[in-house]
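Counting starts at 1 for both ligands and their atoms, in listed order. Everything numeric here is computed off the predicted structure, so don't read it as measured data.
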Amino acid sequence: MLFSLPKLSYSYEALEPIIDARTMEIHHTKHHQAYIDNLNKAIEGTELENKSIEELCRTAVNNIPVRNNGGGHYNHSLFWKVLTPNGNKLPVGNLKSALEAYGGFEKFRHDFSDAAKTRFGSGWAWLIKNIDGSLSVTSTPNQDNPLMPVAEKQGVPVLGLDVWEHAYYLNYQNRRPDYVSAFFDVINWDKVEELYNA
Ligand code: MN
């Protein structure tokens, strides 16, 4: 089965002024679509064709087009889900408890922001769930992610932030720290908790 572009549950302008409509539209319809097209080209007619995107990330990263474009598809699909125009809430439930065990929400915010700001070049910052249910903050270069055995720290992503320039340059230019700080106002904590509980 080949992959297709997931629909967003909000409009392109819904996240303004944090993320502008033009950035959202280009990011979704051009960047994400290109990862999907290139992933499909790489797997069509091969034994990889029927694997889930998670399985591809976990097992097929020695195939460079699959690593880059499969990572691109997985990462962006997660990113759209953890954004919401109704942000400004705080984590609840099991996720709240896990963040308290991590050291508290403010420590998480500090560590995650630091991971996003210091990722050199293009990549992602992550909050991941470890096998024992604890949380860690990490980052990956390019379109790698923590499902991949090549990641410095592996785990299941529950929150991801795209820090490629294409994610913020129209609105923030070189001011990645401002984009990172604003991101906290559009996090869908209900979705993050759902991913944590899954
Ligand atoms: Mn992106």
Side-chain angles (χ1 to χ4, degrees), residues 2-43 53-54 56-57 60-61 63-85 87 112-128 137-148 150-152 156-188 191-192 195:
L2 296 177
F3 296 100
S4 58
L5 189 67
K7 288 204 167 39
L8 305 188
S9 62
Y10 42 81
S11 65
Y12 291 132
E13 60 272 9
L15 304 175
E16 291 199 346
I18 310 293
I19 307 177
D20 62 283
R22 187 158 161 74
T23 295
M24 283 300 297
E25 183 169 6
I26 296 170
H27 202 173
H28 184 239
T29 63
K30 305 292 183 196
H31 291 278
H32 191 176
Q33 184 68 60
Y35 294 121
I36 291 168
D37 292 345
N38 290 320
L39 174 63
N40 286 341
K41 263 182 232 160
I43 63 172
I53 191 61
E54 289 82 6
L56 289 175
C57 289
V61 297
N63 180 322
I64 296 299
V66 171
R67 175 177 174 176
N68 290 338
N69 297 293
H73 177 44
Y74 174 88
N75 298 349
H76 288 85
S77 299
L78 180 84
F79 187 50
W80 310 133
K81 282 189 220 161
V82 299
L83 295 172
T84 176
F112 187 90
S113 302
D114 200 53
K117 288 187 277 191
T118 60
R119 164 49 55 193
F120 184 74
S122 297
W124 291 75
W126 303 101
L127 179 65
I128 60 172
V137 167
T138 187
S139 78
T140 52
N142 304 314
Q143 294 297 355
D144 286 356
N145 65 49
L147 294 178
M148 297 178 177
V150 291
E152 207 170 284
V156 178
V158 295
L159 177 68
L161 175 59
D162 189 343
V163 296
W164 284 57
E165 283 189 344
H166 70 225
Y168 63 87
Y169 203 83
L170 291 180
N171 204 14
Y172 296 89
Q173 293 84 49
N174 62 322
R175 302 186 309 277
R176 189 195 286 185
D178 292 354
Y179 161 71
V180 171
S181 154
F183 167 69
F184 285 88
D185 291 337
V186 288
I187 296 177
N188 186 345
K191 176 54 75 174
V192 179
L195 293 168

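In the displayed structure, R22 atom CZ is contacted under 6.0 Å by at most 12 heavy atoms of other residues, nucleotides or ligands.
Only one option out of F3, Y35, F79 pairs with H73 in a ring pair (Phe, Tyr, Trp, His ring centres under 6.0 Å); it is F3.
Checked against the 6.0 Å centroid threshold, W80 and H27 count as a close aromatic pair.
Vertex the Mn ion (ligand 1), arms ending at NE2 of H27 and NE2 of H76: the angle is 90° after rounding to 10 degrees.
Coordination check, H31 versus the Mn ion (ligand 1): failed, since every N/O/S atom of the residue sits at 2.8 Å or beyond. The Mn ion (ligand 1) does not have H32 among its coordinating residues (no N/O/S atom, backbone or side chain, under 2.8 Å).
A distance of 5.0 Å separates CG of L159 from CD1 of I187, quoted to the nearest 0.5 Å.
Restricting D162 to its N, O or S atoms, the one at the least distance from the Mn ion (ligand 1) is OD2.
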